[in-house]
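Okay, so here's the structure we're looking at.
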Amino acid sequence: MAPSFGWWDKEAHRGTPVVVKMENPNWSIAEISSPDDDEYDAGGGRASRKKNAKQITWVLLLKAHRAAGCLTSLASAAVSLASAVRRRVASGRTDSDAAATAASSSPAEESPLLRSRFYSFIKIFLWMSILLLCFEAAAYLKGWHLSAAASQMPRMVLPTSFAVRVLLESLYTGWVSFRVEYIAPALQFLADACVILFLIQSADRLILCVGCFLIRLKGIKPIPKRPIGASSDDVESGGEDYPRVLVQIPMCNEKEVYQQSIAAVCNLDWPRPNIMVQVLDDSDDPTTQALIKEEVENWQQKGAPIVYLHRELRVGYKAGNLKSAMNCSYVKDYEFVAIFDADFQPMPDFLKRTVPHFTDNEDLGLVQARWSFVNKDENLLTRLQNINMCFHFEVEQQVNGAFINFFGFNGTAGVWRIRALEDAGGWLERTTVEDMDIAVRAHLKGWKFIFLNDVECQCELPESYEAYRKQQHRWHSGPMQLFRLCLPNIIRSEIGFWKKSNLIFLFFLLRKLILPFYSFTLFCIILPLTMFVPEAELPAWVVCYVPATMSVLNILPAPRSFPFIVPYLLFENTMSVTKFNAMISGLFQLGSAYEWVVTKKSGRSSENDLVSMTKAPEETQDSSVPDLETIANPDPGPKKKSNKHNRIYQKELALAFLLLTASARSLLSAHGIHFYFLLFQGISFLLVGLDLIGEQID
């Protein structure tokens with residue numbers, strides 16, 4: 001006969017009732033309180049709550065089920081990610097492959113020999129790193145590092161054990177002595193120098209942020225002295241209040257975006273007798289030329305003042321294109337020139353918000369508007385770019401424009417006084433940053449610049465890492481070319497000492513040279529090397545706290561991007577490889593410094609942009625209303641088979657293996673912050689090296 005458990009039945013009503021909800025795929029538990037839950041002892045104190053054993057079992061089982069569900073979801077996500085990685089890497093191409101493919105007559109053919117050699121190199125590098133790590137781990141476990149550190153002398157006491165152990169310990173002791181005497185001092189000196197540069201650049205970034213805060217606090221904002229059209233209500237009258245403006249749209253093989261930019265410019269709210277639009281087509285593709293020319297003819301039939309210009313001899317890239325357009329005979333009849341790249345879409349009131357600043361301000365040479373992006377939320381790469389661009393415009397451009405009336409021209413979405421361009425010497429083809437070149441020369445002539453943070457012009461961000469990498473290479477090699485060319489002119493110029501110092505030390509050296517140098521050298525070379533040479537140290541505040549603080553400051557102008565602060569910090573260090581390489585090529589005039597690749601466009605336009613194109617003021621654009629359906633859904637022509645692939649980046653992969661190996665080595669030294677930084681930075685380099693960020697290349 002089974003024993004009686006009366007005590008169980010008697011206490012069945014006590015404890016905390018549990019309600020179990022069966023919600024697929026998870027379980028949820030809710031506790032319901034009752035008056036009998038709390039009991040008091042004779043002294044008035046609260047007695048401990050008694051739990052029902054059966055209820056506790058249920059709770060544990062449900063929590064175990066939930067944990068299993070989470071593990072299953074993580075495993076499924078990991079498998080999906082691994083599958084995507086394997087699929088994208090399988091279609092990857094190295095830089096050597098791409099060059100060979102471009103040179104071959106059949107673009108679809110790739111060189112398996114080059115790929116096998118590249119992967120062999122990566123494998124050899126990886127195995128060498130692993131062997132070095134194992135050697136360090138064995139020395140740590142055997143205690144060789146203690147005896148070597150204690151002696152720090154070539155002389156040592158060898159154990160009377162096996163000859164192999166004697167040889168290994170002898171080699172390791174010699175290595176420790178060599179690195180202590182020769183490697184560590186040089187590495188520590190370089191680390192200290194980079195830390196000083198890092199602190200100087202951080203102070204500059206902090207001062208810029210303080211300036212931006214003062215601008216917001218005091219409401220500093222450029223205000224035109226007299227608005228355009230104040231004395232005339234009829235814009236078609238062509239009154240004197242509306243100066244003559246030339247609008248230029250340089251483009252080159254950009255058939256994805258030409259319709260949007262031409263439509264937006266043709267709908268600018270400005271009297272037609274006082275405006276002329278030049279479409280400067282440098283395309284070498286006959287099909288693209290025909291499409292752009294046809295679009296211009298369509299707008300001419302609608303009454304838009306627009307002309308199509310094409311150069312037979314394409315020399316000087318964008319600078320040569322703009323220079324050729326300024327040589328037209330009718331340009332002398334215009335006072336200002338507005339420039340928009342092919343993917344830029346100005347709002348109809350753009351000229352009415354920028355040109356008035358030139359009135360009664362004869363020293364003003366440039367009015368620059370801010371960029372905004374239609375695809376900033378397209379993928380992780382565009383989100384990270386948006387953080388950088390928001391800081392550039394909100395902080396750098398706005399502060400420099402407000403306090404010193406000088407900043408680098410962004411090459412588009414700006415209005416120049418034509419007299420200022422001519423006084424500065426016009427467009428020159430000597431560098432790949434013609435916009436910065438003309439801005440520096442105009443500043444040396446005494447012209448002032450204004451930045452309008454509240455006037456935006458929409459455009460696109462590169463959606464693939466390859467396009468972004470090419471863009472950044474041009475943006476960081478060109479300034480170093482320009483610095484070499486402009487330094488004598490800056491020194492001989494008649495501007496004040498402080499303006500010269502700002503140009504040389506802040507504008508060029510600190511923000512264009514020192515920033516990519518220390519970022520790459522400190523975090524990608526010195527930091528991992530200090531793991532293998534522990535006698536040279538980097539403090540934790542250099543590795544973690546100061547970079548984190550600077551990242552927070554960078555992300556303040558884009559508060560919605562705060563969830564991406566960690567990926568942003570890691571990605572910026574990853575991009576330092578490209579920026580450092582570009583800086584070196586521009587400084588020493590290497591071949592890649594003259595490389596010009598048009599940034600790939602996707603042709604994205606938001607619905608609001610397309611609708612705004614149809615809302616031109618009736619008094620100025622009666623017959624120039626674009627076809628919304630044609631712009632939103634352009635004729636794609638015959639469909640081509642998509643051939644998307646990944647680019648495999650050798651430098652990034654090599655650094656990924658170095659950083660991951662250094663992170664494993666840091667475990668032996670118990671460097672917690674260093675380990676996590678090296679680990680996540682190595683993973684970041686690995687993802688970028690395998691081209692797993694952004695869109696694939698078509």
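Numbers here simply count residues along the sequence, with the first being 1.
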Quiz question: by atom type and distance under 3.5 Å, do the side chains of [X] and [Y] form a donor-acceptor pair?
X    : Y    : value
S684 : T574 : yes
Y676 : Q681 : no
E463 : N379 : no
N388 : N554 : no
Y317 : E429 : no

Is the shortest side-chain heavy-atom distance between [X] and [Y] below 4.5 Å?
X    : Y    : answer
F391 : R205 : yes
L381 : F571 : yes
E652 : R469 : yes
F517 : Q201 : no
C459 : Q260 : no
F373 : Q458 : no
F520 : N581 : no
V542 : L522 : yes

About how many Å separate [atom2] of [Y] and [atom1] of [X], when rounded to the nearest 0.5 Å?
X    : Y    : atom1 : atom2 : value
L569 : F680 : CG    : CZ    : 12.0 Å
D204 : R511 : CG    : CZ    : 4.0 Å
T549 : W541 : OG1   : CH2   : 11.5 Å
T382 : K376 : OG1   : NZ    : 10.5 Å
N410 : F393 : CG    : CZ    : 4.0 Å
R474 : Q481 : CZ    : CD    : 11.5 Å

Report yes or no: does [X] contribute a side-chain atom to a donor-acceptor pair with the main-chain N or O of [Y] at less than 3.5 Å?
X    : Y    : result
N253 : D284 : yes
S561 : F564 : no
N321 : P250 : no
E394 : M389 : no
T431 : V433 : yes
Q188 : E537 : yes
S666 : S663 : yes
H674 : L538 : yes

Please find the pair of heavy atoms, one from [X] and one from [Y], that lie closest to each other, and give the distance.
X    : Y    : value
L660 : I683 : CD2-N, 4.0 Å
F532 : P528 : CD1-O, 3.5 Å
A656 : G682 : CB-O, 3.6 Å
R484 : G586 : CD-O, 3.9 Å
Y649 : V688 : CD1-O, 3.4 Å
C194 : I526 : SG-CD1, 3.8 Å

Practice item. Please test V440 against F508 for side chain to side chain contact (heavy atoms under 4.5 Å, CB included), starting from the C-alpha separation and ending with a verdict. Key: CA-CA 11 Å; V440 170; F508 278 113; 4.1 Å; yes
Check your understanding: What about F178 and Y182, are their ring centers closer than 6.0 Å?
Key -> yes
**Study point:** Test: K318 and D341 ion pair at under 4.0 Å
**Key:** yes
Check your understanding: Going by an N to O cut-off under 4.0 Å, is there a salt bridge joining E572 and K579?
Key ->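 Looking at E572 and K579, the cut-off is met.
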Review point. Near Y545 OH, under 6.0 Å, is it more than 12 heavy atoms from other residues, nucleotides or ligands?
Key: no
Review point. With under 30° as parallel and over 60° as perpendicular, where do the rings of F198 and F523 fit, or are they tilted in between?
Key: perpendicular
Exercise for review: Check step by step if side chain to side chain contact (heavy atoms under 4.5 Å, CB included) holds for W371 and F344.
Suggested key: CA-CA 9 Å; W371 300 359; F344 278 72; 3.6 Å; yes
Point to revise | Verdict with supporting geometry, V533 and L187, side chain to side chain contact (heavy atoms under 4.5 Å, CB included) | key: CA-CA 9 Å; V533 186; L187 186 60; 4.0 Å; yes
Review point. side-chain contact (heavy atoms from CB on, under 4.5 Å) with D343: which of M251, E460, E256?
Key: E460
Exercise for review: Assess whether side chain to side chain contact (heavy atoms under 4.5 Å, CB included) is satisfied between V552 and F562, documenting all intermediate values.
Suggested key: CA-CA 8 Å; V552 171; F562 262 100; 4.3 Å; yes
**Study point:** K512 charged N/C atom sitting above F483 aromatic ring, 6.0 Å / 45°
**Key:** no
